[in-house]
Every structure is written in structure tokens, then in C-alpha cells.
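Notes follow the structure.
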Amino acid sequence: MLLQIAISVGFLLACGLVLAGLLLLAEKKILNYGTCHIDINAGRKGLDVDGGSSLLSSLAQQDIFIPSACGGRGSCAYCKLKVNAGGGMIGPVEEPYLSADERKDNVRLACQVKVRKDLAVEIPEELFSVRRFRARLAHKRPLTHDIVELRLELLEPDAISFEAGQYVQLESPEYKGHDSVMRAYSISSVPSDTHAVELIVRLVPDGICTTWVFEHLKEGDPVALSGPYGFFHLADTQAPIICIAGGSGMAPIWSIVRDMKEKGVARPTTYFFGALTQRDLFFMDEFKKLEQDCPWFHFVPALSKEPEDSGWTGERGLITEVVSRHFPDASKHEAYLCGSPGMIDASIKTLVQNGMPEANVFYDKFS
Ligand SMILES: Cc1cc2nc3c(=O)[nH]c(=O)nc-3n(C[C@H](O)[C@H](O)[C@H](O)COP(=O)(O)OP(=O)(O)OC[C@H]3O[C@@H](n4cnc5c(N)ncnc54)[C@H](O)[C@@H]3O)c2cc1C
Ligand code: FES
């Protein structure tokens, strides 16, 4: 009986998949939308594109790059744009990401809007400075068992201008049956290092881009990326700072604190770095040196799963517990958080409980 149910469910699923595939093929091959005009910012720019693709990829083909951290899967909501005409109905993938106010304002996910007729869209001015770069992997070095550092030497254009904390989107090429995808990686190098970008990448099991980085990408290989993107950067205030990061969330904070040193911004800063065990720690010598050079900077690594008898004398426990021990009153501080959504949500809750106004918390979720 169970076997029969399983076979029936499997059969129905297979039929659904075949139908969806046929519909996609029909849309691509049979339906011809011809050339469609995209009006950008009420006449600032006009593009004529072949209809049938998503708004996101149609703009990218014309060198206008919209943030798309999930690579167009409809799961990051980074690609929101105002589509004032021609966007059609809001689709089911978009529904959960659009508030009532955004719907009223014609906000849409650019990766989910198909170009089927002429469109009128609004694109924030700062996105016109995003560039696509051809680069070469100059250096790849392991930092831990599942984290590598990449140094990408920029070839064309050969320089980038960005703010510490921003990110780029790396394009993995097609490999072993996987399509080319784009993924977001925070820049870990400093803005003064204009001819290269450095990234800190953690391996995600079965992840398309990170498997390519770890298993296929070799020094000397060509790499394509676009950027800079994002609004995560140091606010222009004098407030003392609490940074919290875990794993590859190190990347933007490593850029921000070294940029502060270079620019002589001596705001009191405590950086809590959460890891499981000692084998997940990296840059320990570099941070010791930074503490010696910068009396305003303090680094606090904290381990949540380190064996009791390991000899580790530093902080132990969840990063939120460690932060609370150091800052039971965080009401005068600003916070910069980077890493997994779970870690960030828990940290925001703790900081707010400890008196920090939510408006003083800045973060980039690596979702
Ligand atoms: C602003 C920002 C900055 C970031 N900065 C960094 C950084 O500095 N360093 C860093 O390491 N990461 C960073 N990330 C995360 C990074 O962008 C990628 O999400 C991450 O590297 C995984 O990419 P991937 O292609 O390897 O994995 P994916 O292929 O996206 O897969 C991720 C996981 O989801 C599962 N999965 C894939 N597709 C599906 C599906 N359709 N349904 C269900 N599950 C699925 C996979 O099995 C895997 O477990 C950042 C993210 C953002 C948003
Ligand atoms: S690109 Fe991620 S939701 Fe559109």
C-alpha cells in the first residue's frame, strides 16, 4: 500500500516537473516578445532588449548590475526595484518579500519580473557605478579547514573604488552540470588596495559557488565579478563600537578595522569573533599586532564548543553571552554585525536588551 502511494506521488511529481520544463521551453522557444524598451528613471536612460528574460538579467546584459545575492533564485530580496509600468502581476515567489507599502510603490523583485513588453523602472543612482570586472586569481590560501582567502587581481577595469564593508558578486562558471551562478562575498581588503579585491570564503557543503572555489578554482585562473554593492559601512559618528562576527563574517570587519587604522579613526572598538573550536580561528597573530599598534582596538575571540581540557584560556560560550558579560550596558555604543542570519538576529536581541537603540545596529546577513 505504502509502495503504491509512493509510486503515485513520484509519478505526479515527475509529470509536474515535465510540464514545468515544457512550459519554460515553450516560453523560451515559441513565444517571441520581440524587442522591448526599458525606460530607466523617467528618461535618464533607455534600453532596447530582447524580450523573454528576467529584468535582472536583461539589465545585467546592458552592464547595469542590480544586487542579486541569491543569483536570481528569488530568496534574498536584494534585487528590489520600482517597476512603474509593464511589470505584470506580482508572482508567488515575490509575495512574501513585499510589504503593503512596497506594493503600493510598485516595488518588485527584478529577478522575478519577466520582460514581455515595454517597462518603466526606477534604479537607485549609486547602482550606475557598479562595474563588471575581469580578474585573475593571484593567490588562494587556506585560513582554516573550511575557509580560504582569495586575492583577485583586477585586470579590466584594473581598479575599484569601494567603502570598507561593501561586497562584490563573484560569478562561478558552468562546471560539472551546474549553471554559472552569482554569489555575494564581502571585500576583506582595504579600499586603499585599489588594484585587487580580497575575499574570505567559507565552504558550504554542496554549495555551487563555494565548491567551485574550493575544488576547481586555481591560482592564475580568470575570474569575473561585479561590484561594489551594499550599504554596510562605518557610520559617520563618534560612538564607541562593538563588532560581532563569526566564520567568514570576518571579511567586512577585517576591512573596516584596518581602514580605520589607515585613516586614523581611533574610536574605541571591541571586536567579538565567534567560533566553535580553536581550529576555526584565524588571523590571531594579525589581531595581536593590530591591538599593539592601535590602543583603541580590542579583539575578543570566543569559542562555543572547545573541549574543557584543551588549555584554551580565552572566552568560552555563545557569542551573545560573551558580549553581555563585557557590555551589560551597551546604550552608548554602535554595533556592526556580520555572519549567519541566526547569529545576527540573536546578537541584535542581546544588544537591544542591553540598552542599544536598534537604529545603532548595522549588519550584513550572509543569507
Ligand atoms: C551580502 C552578503 C555577503 C556575503 N559575504 C560572504 C563572505 O564574505 N564569505 C562567505 O563565505 N559567504 C558570504 N556570503 C554568502 C554567499 O553569498 C553564499 O550564499 C555562500 O557562499 C553559498 O553559496 P554557494 O553557491 O556555495 O551555495 P548555494 O549553491 O547557494 O547553496 C547553499 C545551500 O543551500 C542549499 N541549496 C541550494 N539550492 C537550493 C534550493 N533550490 N533549495 C534548497 N536548498 C538549496 C545547498 O545544498 C547548500 O547547502 C554573503 C552573502 C551575502 C548576502
Ligand atoms: S536576486 Fe535574490 S531575490 Fe532576486
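Read the numbers this way: they start at 1 and go in the same order the structure lists the ligands and their atoms. Atoms considered below: every heavy atom in the structure, side chains included; atoms not considered: hydrogens, waters and symmetry mates.
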Atom 26 (O) of ligand 1: nearest protein contact (heavy atom, Å): Thr210 OG1, 2.7 Å
Atoms in ligand 1 flagged as close to Val204, the criterion being non-hydrogen separation under 4.0 Å: 22 (C), 32 (C), 33 (C), 48 (C), 49 (O)
Transitive ILVMFWY side-chain link Leu56 to Val93, under 4.5 Å: no
Among Trp254, Tyr363, Phe362, the one residue meeting ring pair (Phe, Tyr, Trp, His ring centres under 6.0 Å) with Tyr336: Phe362
Close approach of Val181 to ligand 1, heavy atoms, under 4.0 angstrom: no
Expected output: side-chain Arg131 to main-chain Gly227 donor-acceptor under 3.5 Å: no
Ligand-side contact atoms (ligand 1) for residue partner Tyr167, heavy atom cut-off under 4.0 Å: 1 (C)
Test item: side-chain donor near acceptor, Ser310 and Glu306, under 3.5 Å: yes
Gap separating the CG atom of Leu290 from the NE2 atom of His298, nearest 0.5 angstrom: 12.5 Å
Any donor-acceptor N or O pair under 3.5 Å, side chains Asp329, Ser331: yes
Atoms in ligand 1 with a heavy atom of Ala69 nearer than 4.0 Å: 53 (C)
Ligand 1 contact on Ile147 by region, counting heavy-atom pairs under 4.0 Å: neither
Which segment of Tyr229 sits under 4.0 Å of ligand 1 when only heavy atoms are counted: neither
Side-chain donor-acceptor pair present, Glu334, Thr237, cut-off under 3.5 Å: yes
Under-4.0 Å protein heavy-atom contact, atom 45 (C) of ligand 1: no
Nearest-neighbour protein heavy atom for atom 9 (N) of ligand 1, which is reported as residue plus atom name and distance: Ile200 O, 2.8 Å
Flag for Arg151-Ser189: side-chain donor and acceptor within less than 3.5 Å: no
Option whose closest heavy atom lies nearest to atom 39 (C) of ligand 1, chosen from Arg73, His178, Gln169: Arg73
Backbone or side-chain N or O of Tyr185 under 3.5 Å from ligand 1 N or O: yes
Atom indices of ligand 1, in the order listed, that fall short of 4.0 Å to a heavy atom of Lys365: 52 (C), 53 (C)
Nearest protein heavy atom under 4.0 Å from atom 52 (C) of ligand 1, yes or no: yes
Nearest neighbour in protein (non-hydrogen) for atom 47 (O) of ligand 1: Asp206 CB, 3.8 Å
Exercise: do His37 and Asp118 side chains pair donor with acceptor under 3.5 Å: no
Thr211 versus Asp206, side-chain donor and acceptor atoms under 3.5 Å: no
Atom pair CZ (Arg202) and CE (Met250), whose distance is rounded to the nearest 0.5 Å: 14.0 Å
Phe297 and Phe299 aromatic ring geometry - parallel, tilted or perpendicular at 30°/60° bounds: parallel
Tyr229 vs Tyr167, ring-ring contact (aromatic ring centres under 6.0 Å, His included): CA-CA, chis, key distance, verdict: CA-CA 5 Å; Tyr229 298 99; Tyr167 67 93; 5.5 Å; yes
Under-4.0 Å heavy-atom contact between protein and atom 23 (O) of ligand 1: yes
Protein non-hydrogen atom below 4.0 angstrom of atom 42 (N) of ligand 1 present: no
Listed once per pair and sorted, the ring-ring contact (aromatic ring centres under 6.0 Å, His included) pairs that draw on residues 120-147, sequence neighbours left out: none
Rounded distance (nearest 0.5 Å) linking atom CG of Asn354 with atom CD1 of Ile242: 8.0 Å
Distance below 2.8 Å from atom 2 (Fe) of ligand 2: protein N/O/S atoms: Cys70 SG, Cys76 SG
Heavy atom of the protein closest to atom 19 (O) of ligand 1 (residue, atom name, distance): Ser367 O, 4.0 Å
Ligand 1 contacted by Val201 (non-hydrogen, < 4.0 Å): yes
Protein contact of atom 16 (C) of ligand 1 - nearest heavy atom, named by residue and atom, plus distance: Ala184 O, 3.2 Å
Nearest-neighbour protein heavy atom for atom 8 (O) of ligand 1, which is reported as residue plus atom name and distance: Ser186 N, 3.1 Å
Ligand 1 to Arg202 polar contact by distance, N or O atoms, under 3.5 Å: yes
Check: Asp345/Ser347 side-chain N/O donor and acceptor closer than 3.5 Å: no
Check: Ser180/Glu171 side-chain N/O donor and acceptor closer than 3.5 Å: no
Heavy atom of protein inside 4.0 Å of atom 35 (C) of ligand 1, strictly below: no
Any Trp212 heavy atom less than 4.0 Å from ligand 1: no
Options Gly207, Cys209, Ser248, Pro205, ranked by nearest heavy atom to atom 49 (O) of ligand 1, top entry: Pro205
Single-linkage hydrophobic cluster, 4.5 Å side-chain cutoff, Phe232 and Ile348 together: no
